[in-house]
Protein chains: 2
Amino acid sequence: MRQISPYISVDCVLFGYNGAELEVLIVDRTLTDEESGEQVINDRTLTGNHVYEDETIEDAAYRVLNDLTGLDNVFLEQFKTFAHPDRLKKPNDQLWLKNSKRNPDARIVTIGFYSLVATDKVKLIWKGRNVRWVPISEVGELAFDHNLILSEALRTLRLRIKYEPIAFELLHDKFTLTQLQNVYEAIWDVELDKRNFRKKVARMKYLIPLDEKQTGVAHKPARLYVFSREVYSKTKKELFDFTI
Amino acid sequence: MRQISPYISVDCVLFGYNGAELEVLIVDRTLTDEESGEQVINDRTLTGNHVYEDETIEDAAYRVLNDLTGLDNVFLEQFKTFAHPDRLKKPNDQLWLKNSKRNPDARIVTIGFYSLVATDKVKLIWKGRNVRWVPISEVGELAFDHNLILSEALRTLRLRIKYEPIAFELLHDKFTLTQLQNVYEAIWDVELDKRNFRKKVARMKYLIPLDEKQTGVAHKPARLYVFSREVYSKTKKELFDFTI
DNA sequence: ACAAAAGTGTTTGTTATACACCCATGC
DNA sequence: GCATGGGTGTATAACAAACACTTTTGT
C-alpha cells in the first residue's frame, strides 16, 4: 500500500479556454449530515490532492489532472507554495477535515500548479464529484485558501503569457490567428488591434502557417497555424533584452 | 517551547553584489568524528532553516536572513519549492541528518526564497558557523539539492530583473548609474553600452537624480540616484505590452 | 600634467500605434 | 445577394543599436 504524505498536497489551477472566455475547473464540495440528511457543506474548491511519499510533486500534480481529464502531455507549471498556518482553519474547512478523518490541526503545505487546456478538448471525469468549468469572472467564494491560490495563478499566467509562448496551450493544435488573439484578449481583458497583432506574430518564426483552412464556417475560412516547439527552442533569444 | 515543523523548511539564496561580481552566501558544513577527531563532513550549503509550526514561511525566511545578517527590510521573494523524495539522500546528507538526531528518511519540503543585498551593507553574524560570500562562478558542489536551488534562484533573478525594478536592491540607497549598469552586467554576464543604458534609464521616472555627488573618488564624481517606490507604483504600466 | 571614470548626441534600422477597406465563403 | 469574419498597408512616433570625444576631479 502506497503511503500518503500527510503534510504535502498539490493544488492545480486548471485554466481552460472555450473560444470566448477564460475558465477554471471547479469542484463542488458537499457534506451531508448522516442523521438529518441535511447538507452541512455545499461550496466549491479548486482541484487538488495529497502527494504519495515516494512521488514527486510534479507527478502528483499530473495525477490530479489526469484523474479529472484523462489528459496527458498538458502544460503544467509550479507557480507558488501556500503554507500559512491558518490556511485550513475556516469552520467549513475544519468540519470537512474532521469528517474525512484527517487531523484538522495538521499544517499542510500545498504546492500550487497551473495548467492550460482547450476546454472542449477535455472530457471531464466525474467519479462522483461535481466538476465543471466556471468563467474566471464568476468564480465567487472558494473553500480553504483557494481564492488566494487562484488569484496568484492568474497573476502568474498573465505575466508568463507576455514573455513565453504558452497561449497556444489553450487552443487546439491547429488554430487561427483570430483565435490566438482572442486568448490574449480573454486573459488580459483588453482589445487588441487585428493588424498590429498579426504584424507581431508574423515575427514569431515558431508560428508555422499550414496550407490548410478552417472548415464549416459561414464566412471566409481562416488559415490554420501550428506552434513549433523545435523552432522556438532554436530561435528564442536569451535573456538580453531587459525592459524593467 | 515553540514547536518545529519537521517536514517544512526554507532555504534562502542570499545574493550579494560587491561592486564587481554577483556573489551568494555560503555556509560551511563540518562534522567531526568524536572518537578519531577526523572531519567526516566538510562541505558547503546555502542558508536554510526549519519553520516553526505557528510561523509563516515568509517569517521563517526573514528569520534565517536576520540571524545571518542582522538585516531587516531586505528584498525577499519565494521562487520555487523543492520536494523530491530523494533530495536528502546523498551519503553525506544522510550522515548529517543522523548526527543531528533527525530522521534521515523523513521527506522534507523546502520552499526556496531569494534575497538581494549589497555585500558591504552586511555584517555577517557567525554564531559558530563559517559563513562567507562566494562569487557565483566559484560556488562548486553544494550539499543536499542546493546546486539545483541555486541555479533556479539565479534563473529567476535573471528573468525578474528584466521586468521588475529590483536591481537597486543590490546597491546602497544612493547609487550611480555606472553602478546600476554594472549590476545588470554582473547578473547577465554581458557588456552594455553606456550611452544606450543611460537613455533607457532616463525613461524610468522612478529613478530620482539627487543634487549630490560621489565623494572620495580619484576622478570626476558621479551623480547619485535613488529609487522611488512611490513613483514606481504610480507609474508602472500594467500588463499590456506583451512581448513573448 | 596625467590617470580615471563621468557625461553626452547622432544616425540608422526596427517596432509600436492608430486607423479602413475589400475578400471569400455559407446560407 | 448578404451576413460574417478573414485578411491586408501606410504614416508617425518611440525605441534599439552602434559608435567617440570632452569634462571633472584627485594625485
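Naming convention: chains lettered A, B, ... in sequence-line order (proteins, then strands); numbering from 1 in each chain.
- OP1 or OP2 of D:dA17 has not a single side-chain nitrogen or oxygen of B:Arg198 nearer than 4.0 Å.
- A salt bridge between B:Arg229 and B:Glu169 is present, with a side-chain N of the basic residue lying under 4.0 Å from a carboxylate O of the acidic one.
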Open item on the list: Run the side-chain hydrogen bond (donor to acceptor under 3.5 Å, both in side chains) test on A:Asn42 and A:Gln39 for me, step by step, so that the C-alpha distance in whole Å, both residues' side-chain angles and the decisive distance to 0.1 Å come before the verdict.
Closed with: CA-CA 7 Å; A:Asn42 179 10; A:Gln39 273 200 350; 3.3 Å; yes
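- In this structure, the side chain to side chain contact (heavy atoms under 4.5 Å, CB included) partners of A:Lys127, at least two apart in sequence or on a different chain, are A:Asp67, A:Ile125, A:Arg129.
- In this structure, B:Arg203 reaches the D:dC15 phosphate: one of its side-chain N or O atoms is under 4.0 Å from OP1 or OP2.
- Not one N or O on the side chain of B:Arg223 forms a donor-acceptor pair closer than 3.5 Å with the backbone of B:Asp211.
- Ionic pairing of A:Glu141 and A:Arg44 is not present here: no N-O contact between side-chain nitrogen and carboxylate oxygen is shorter than 4.0 angstrom.
- In this structure, A:Leu177 places its CG atom 16 Å from P of D:dG5, rounding to the nearest Å.
- Following rounding to the nearest Å, B:Leu192 (CG) and C:dG7 (P) show an atom-to-atom distance of 17 Å.
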- [ ] Heavy atoms under 4.0 Å is the rule here; annotate nucleotides 19-27 of chain C 5' to 3' with B where the base is hit, S where only the sugar-phosphate is, and - elsewhere.
- [x] BB--BBBS-
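- In this structure, OH of B:Tyr225 is placed 9 Å from C1' of C:dG7, rounded to the nearest angstrom.
- Note: CD (A:Gln179) to C1' (D:dG5) measures 12 Å, nearest angstrom.
- Looking at heavy-atom distances under 4.0 Å, A:Thr178 makes contact with sugar-phosphate atoms alone, never a base.
- In this structure, the NZ atom of A:Lys200 is 7 Å from the P atom of C:dT17, given to the nearest Å.
- The 12-atom threshold is exceeded at CG of A:Asp28, counting heavy atoms of other residues, nucleotides or ligands nearer than 6.0 Å.
- The distance from atom CD of B:Gln181 to atom P of D:dA17 is 13 Å, rounded to the nearest whole Å.
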